[in-house]
Number of protein chains: 4
Amino acid sequence: MPRTKEQLQEIRKKTEKLILYSALELFAEKGFNGTTISDIAAKAGISKGLAYNYFSSKKDLLEAVCETLLIEMDKIFKPIEQIEDPYLKIEILINLIFTQIEKEEKFWRLYMDFSLHPGVKEIVNKITVDYLDTGFKLLEKIFRQIGIKNPANESKLFGAIIDGMSLHYIFNKEHYPLKQMKRFLKKKYNKESLEKLK
Amino acid sequence: MPRTKEQLQEIRKKTEKLILYSALELFAEKGFNGTTISDIAAKAGISKGLAYNYFSSKKDLLEAVCETLLIEMDKIFKPIEQIEDPYLKIEILINLIFTQIEKEEKFWRLYMDFSLHPGVKEIVNKITVDYLDTGFKLLEKIFRQIGIKNPANESKLFGAIIDGMSLHYIFNKEHYPLKQMKRFLKKKYNKESLEKLK
Amino acid sequence: MPRTKEQLQEIRKKTEKLILYSALELFAEKGFNGTTISDIAAKAGISKGLAYNYFSSKKDLLEAVCETLLIEMDKIFKPIEQIEDPYLKIEILINLIFTQIEKEEKFWRLYMDFSLHPGVKEIVNKITVDYLDTGFKLLEKIFRQIGIKNPANESKLFGAIIDGMSLHYIFNKEHYPLKQMKRFLKKKYNKESLEKLK
Amino acid sequence: MPRTKEQLQEIRKKTEKLILYSALELFAEKGFNGTTISDIAAKAGISKGLAYNYFSSKKDLLEAVCETLLIEMDKIFKPIEQIEDPYLKIEILINLIFTQIEKEEKFWRLYMDFSLHPGVKEIVNKITVDYLDTGFKLLEKIFRQIGIKNPANESKLFGAIIDGMSLHYIFNKEHYPLKQMKRFLKKKYNKESLEKLK
DNA sequence: AATGAATGAGACTTCATTCAT
DNA sequence: CATGAATGAAGTCTCATTCAT
């Protein structure tokens, strides 16, 4: 009995996801150029040929991974949009980010590898720039809501802190005092401290 | 008649530098894996073979580039060690760093590509970690000298800001308001603001 | 539809053999260092890349060729083990060896090139030494069975004669009187002559 | 004061010999293809360029080494020609050969490597064949002088024994009982034994 | 006579991609 | 839909040979 169209479509979707996430993890681990299609196929438990049935080239796969990445990131930060209190918003944002750094270091790796990576850059740049901008805008809104003096700059500063710490953590995972820095940052951005920036 | 030892030494030094800086620029531009020995030779205007007369492998060249990089960075930050006044020290440090970011973006690119890049990482990691540590310690000393409450954390925060901003600048050179952020940061770390951290 | 496992296995076996025997012949003809992967691929009628799908390096291929060689040699000399009469055993052994020398000169070439060749030697040495020992032991047993006075030395002498003649034959295939030497040797090692060694 | 023509010529001769013997040893040790001009120059303590002042190519050097080798071998076996008594001649020949095997294994290595070696073979073959023939003829003459039945075959047998043993010795220098085989061979070819071959 | 920097052809090897099944 | 054998371009590296000094 042949499978129904729905079943086939489901298989396709599932396999595509499988390839995508295998690629994502390997790209994060070994970089784009350092990952081979064979690696990806092996990790996904499929044949090399099948990967080309889903993605027409390695670059294509990269773009797809990139989009996936952004969608995932969006998902993570979606919840905070519904929070009303800006102080709470920042606190939860910090919580989310640090959980994210620790738990999903690979996202940061990808984010950085892709952005710095030659050949890959062109593809990825626009997306990340947009993404960064969105983040900056979001933060800016929060800071403006609070009434802080220079919300645009403050948001860029905050963003820099986050990405700088992530970078340092990735460089030296064993020894970077991530939890301590998180507490420190939360103090820097608690209600009392933020008041001083008005 | 053969060339004198001095002549030979000079040739070797000159060619080595030529190769080294060609490699440095290309690594910065296209990453380690994205740069071929052919690229480097072409940029240096020499044959592929000659590169191997000076560096026994691409990895060897990478290590040499790495060391060069650190030496260059050291040179840049050396002057501030002699400044006595910690407030001035920070101000000049910020000046130096921002000049550096703008002028020698390639250093940051290398610094990041090397550190994030798989396969390359092993070689470079120790060096960068050491270097980062040195930077953190230097900052910590300054903050402690001033009498700031949590010098270790503050130094890591400062470091994160710098590297985060550099990252954002590299991502979006055209639009990132580097000069504006520099002014902003200088205000954040001027004498008046630092006093509040005591 | 993908090929069945059996089909794939057969293809792999066939291609592997093809590469192996192409390599074997070329190694025998031009030596290990004198043979390129391109040569082998060309002789096998495949692409260079495919050779690496079957053997991970030229050295790996060498080892495989070596094993093949020994297996083939074993096959050749297996039958004589079942012969009871030691005099007949020697006669048939001589027959086999001389047929072998003439027919499969390449085996001897390999055997010698590999053993004498630097760099290659390390890999091959143990195998050939073992093999030689086995041969000596086998002969020794035969001579002892006959009751010859100094079986260990006689077996080494016999071995030396064989390999020396092979060497001379290879040096000068056109003019070396192989058949004549075979007859001569058979007389030297016939029952009557062997009796004198008791 | 410029050097006299004689002095210059002497320097040339000395340097040529230096290169030649450096090449000889390295070829013996690592084979022709395994030895680089750099190796040879380094061993001779001269520059690569100078080697080309004396030998126009690596192949040229090989041929020269080959000739040197034969001259050296000739020198070694010259003395026995003057011995009258054929029995003594054989005894001394065996002595000489075994001393030679043990002491100058490199000659045998070269002799074999060159003969079996691809590309090299063409050059070397004629010489070695001639040399071998000369040896066979010499032995044949001795055996004929003694009155042995089949001097041509006996001389080839003797030659095979020698080269076979050398081969086995080189394969397994540590364990091959060279001295023991020498004694054994001397008994096989002493007056008493030879008489039986008449 | 002597040097070693420089070249370039060609070796080994990897891997994205294609294709017969 | 699925496979992995097969290709070939391109990358790293070696080395005989040349040449300016």
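Atom CG of residue B/Asp39 and atom CD of residue B/Glu29 lie 9.0 Å apart, to the nearest 0.5 angstrom. Here the NZ atom belonging to D/Lys13 is positioned 13.0 Å from the CD1 atom belonging to D/Ile11, to the nearest 0.5 angstrom.
Rounding to whole angstrom units, NZ of residue D/Lys58 and P of F/dC15 are separated by 8 Å. Across the protein-nucleic acid pair, A/Asp39 atom CG and E/dC15 atom C1' stand 10 Å apart, rounded to whole Å. Taking atom CZ of residue B/Arg3 and atom P of nucleotide E/dA1, one finds them 19 Å apart after rounding to whole Å. C/Lys59 places its NZ atom 18 Å from the P atom of E/dA11, with the value rounded to the nearest Å. In this structure, CG of D/Leu62 is placed 14 Å from C1' of F/dA16, rounded to the nearest angstrom. Distance C/Leu8 CG to E/dC19 C1': 14 Å, rounded to the nearest Å. The separation between A/Asp60 atom CG and E/dT17 atom C1' is 13 Å, rounded to whole Å. For B/Lys5 and E/dG4, the NZ to P distance is 8 Å, given to the nearest whole Å.
Using a 4.0 Å cut-off on heavy atoms, the residues of residues 10-22 of chain B that approach DNA chain E are B/Ile11, B/Arg12, B/Thr15, listed by number. For residues 47-55 of chain B, proximity to DNA chain E is found at B/Ser47, B/Lys48, B/Gly49, B/Leu50, B/Asn53, B/Tyr54, defined as any non-hydrogen atom under 4.0 angstrom from a strand atom.
Residue B/Thr36 has its side chain nearest to F/dG11 when only E/dT3, F/dT3, F/dG11 are considered. Here E/dC12 is the nucleotide among E/dC12, F/dA16, E/dT21 with the atom lying nearest to any side-chain atom of C/Ile37.
Listed here is the closest heavy atom pair of C/Ile37 and C/Lys58: CD1-CG, 3.8 Å. The shortest non-hydrogen separation linking D/Ser38 to D/Lys48 is OG-CD, 3.3 Å. Between A/Phe55 and A/Ala64, the shortest heavy-atom contact is CE2-CB, 3.6 Å.
With sequence neighbours excluded, the residues that form a side-chain contact (heavy atoms from CB on, under 4.5 Å) with D/Ser56 are D/Asp60. The side-chain contact (heavy atoms from CB on, under 4.5 Å) check on A/Gln9 picks up nothing, with sequence neighbours excluded.
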Pair pattern of DNA chain E in dot-bracket, where unpaired bases get dots and | marks partners in another strand, Watson-Crick or G-U under 3.5 angstrom: .||||||||||||||||||||
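In this structure, C/Ile46 and C/Ile40 have side chains that are not in contact, with every pair of non-hydrogen atoms separated by 4.5 Å or more.
Nucleic acid contact for D/Ser57: sugar-phosphate only, since backbone atoms but no base atoms lie under 4.0 Å from a heavy atom of the residue. Among the heavy atoms of the strands, none lies under 4.0 Å from A/Ser56.
Annotation for B/Glu10: atom CD does not count as buried by contact number, only 12 or fewer foreign heavy atoms lying within 6.0 Å.
Formation of a donor-acceptor pair under 3.5 Å by the B/Asn53 side chain with backbone atoms of B/Leu50 is not found in this model.
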Without placing hydrogens or testing angles, list every side-chain donor-acceptor pair under 3.5 Å for residues 16-27 of chain D, not counting sequence neighbours.
from    : atom 1 : to      : atom 2 : distance (Å)
D/Tyr21 : OH     : D/Glu72 : OE2    : 2.3
D/Ser22 : OG     : D/Leu18 : O      : 2.7
D/Glu25 : OE1    : D/Lys43 : NZ     : 3.4

